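The structure appears below as structure tokens.
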Amino acid sequence: MKNTYLDLIQQTFYFPQEGFDVKNNWLHFNGIPLKQLIEEYGTPMRITYLPKISQQIQKAKKLFSNAMDELDYKGKYYYCYCTKSSHFAHVLDEALKNDIHLETSSAYDIDIIEKLYLNKRITKNTFIVCNGFKTNVYTQRISKLANLGFNIIPVLDNKEELKEYEDRIINDCQIGIRIAAEEQPEFQLYTSRLGIRYSEIRSFYEQYVQTNPKFKLRMLHFFINSGIRDDIYYWNELTKSLKVYCEMRKICEDLTALNIGGGFPVRNSLGFEYDYTYMVREIINKVQTTCEQEGVPCPDIFTEFGSFTVAESGAHIFSVLAEKQQNDSERWYMIDNSLMTTMPDAWGINSRFILLPVNKWSGEVQRVNVGGLSCDQMDYYNSEAHTNEVYLPRMDNTSPLYIGFFHTGAYQESISGYGGIKHCLIPSPKHILIQKNGDGSLSYEEFAPQQTVDSMLEILGYDKLE
Ligand SMILES: Cc1ncc(COP(=O)(O)O)c(C=O)c1O
């Protein structure tokens, strides 16, 4: 009978597949022997496989350059990394090896830009696209960089924002305008709270920018929360934004860039299917045909891919501490950390990640619920992107079962907070960085140990108790 975990996977998906392979019943992730890693560092553990970040960037750049070459598209492509998806220095360091640009979303992001510049990771030619609703501190910092000659593009979230730069920015400055997209039909609200309404962009430009010698409208920006997907909603929003671009381009020669935001999908299941080549080609084709019909030059295309850049570099590895049978059908695998705090998107917005056992692939499978250590009812995981169930190998008495959640490298630490206080004081796992050497071997570095009790008690003020 074929009922091992490996059988199940091979019957359900093409396996092995990019990034995942099994040797001697142990999982390898991007060629990393997880057995060795667990033996050296133990669990719970978070890993970041840095080369994946460069691979993803190169993949996107190739997709866009192939589509542009094929269609003889006249604009250029600029890859920006959206720093909010993971602010770690090691992530930026790796990403910036690939001749890319950056997108910021808050005041402190600008301090990261300054650090990167001082450490020669970027130059003043690197585009810094500044998004978000700007606080006073954020506009001050943006203005400072503009005055220092950085290639900065503040993207106006609202009409009032321009006034903030009027007095503060001395030099000429290029600006962008964010178009407020319509939300997807199933969302509670109609229009994004970010950006300026389609219908108000032209009059705002004519009244405040066109006649202003200091500011040049260089970029229109739009971002669709549900991501770059082949559905009516996406194509509809792209069409509307292109209409605005063409209308504005006719009255503004400085407008040379269309920023299509982030939202490039990430593999969240071994059964993930997304035709990246088709989507990029269709987007470029649509931009080009619309511009040709309207008789305006094609814009340079900017993207701000966050998850796509960094998600697939990350994984969380846990031990199953115990099995609990709570009624006839509900069996729990209790793991050695909290899912809610290590992967908050799983409960907060129902994101799915690739869940696989690390060992025991020749063991029999059973349906389980994976339970986290916090007391919260929602600290569990029991459905995958392709099915509303989770199957894992049976436990046995010979050795512990280890499991991994893969492609968890984007947003998780910034949503739950890295370090700091955690639900039920369950500490952040240790964090291991993995790099590939020139000879193909791997090197491991412990970026952070498991969070200590002292660090938590200090935040909570216990060190000040008399
Ligand atoms: C303006 C903007 N650009 C880019 C991104 C990155 O999106 P993703 O991580 O889906 O690529 C976001 C995410 O919220 C965003 O708000």
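In this text the structure is predicted, and so the values were computed from the model without any measurement. As the structure lists them, so they are numbered: ligands from 1, and atoms in each ligand from 1.
Remark: Tyr198 OH is packed, more than 12 non-hydrogen atoms of other residues, nucleotides or ligands lying under 6.0 Å away. Counted within 6.0 Å of CZ on Phe133, heavy atoms from surrounding residues, nucleotides or ligands total 12 or fewer; the atom is thus considered open.
Contacts between Phe223 and ligand 1 below 4.0 angstrom, taking non-hydrogen atoms only, involve the side chain exclusively. Residue Ser307 touches ligand 1 through backbone and side chain together, judged by heavy-atom distances below 4.0 Å. Residue contacts with ligand 1 for Phe308 are absent, since no atom lies close enough (heavy atoms, distance under 4.0 Å).
Ring to ring, Tyr418 and Phe88 are close: their centroids are under 6.0 angstrom apart. In summary, the aromatic rings of Tyr108 and His87 are positioned with their centroids too far apart to meet the 6.0 Å limit.
Residue Glu103 approaches ligand 1 through these ligand atoms, each under 4.0 Å from one of its heavy atoms: 1 (C), 2 (C), 3 (N). Applying the 4.0 Å criterion to heavy atoms of Arg178 picks out, from ligand 1, the atoms 1 (C). The atoms of ligand 1 that sit less than 4.0 Å from any heavy atom of Phe305 are 11 (O).
In terms of polar-atom proximity, defined here as any N/O pair under 3.5 Å, Gly263 does make such a contact with ligand 1. Any N or O atom pair closer than 3.5 Å counts here, and Tyr411 shares at least one such pair with ligand 1.
Residue Cys82 places a heavy atom less than 4.0 Å from ligand 1. For Gly227, the heavy-atom gap to ligand 1 stays at 4.0 angstrom or more.
Ring geometry for Phe20 against His407 counts as tilted: the plane angle lies between 30° and 60°, on a 0 to 90° scale. Ring-plane geometry between Phe318 and Phe405 is classed as perpendicular, the angle between the planes exceeding 60 degrees on a 0 to 90 degree scale with a lower cut at 30.
The nearest pair of heavy atoms linking Asn131 to His221 is ND2-NE2, 3.2 Å.
Remark: Lys59 qualifies as a cation-pi partner of Tyr276 under the 6.0 Å distance and 45° angle criteria applied to the six-membered ring.
The shortest contact between atom 3 (N) of ligand 1 and any protein heavy atom is with Glu304 OE1, 2.5 Å. Looking only at heavy atoms of the protein, atom 15 (C) of ligand 1 is closest to Lys84 NZ, 3.5 Å.
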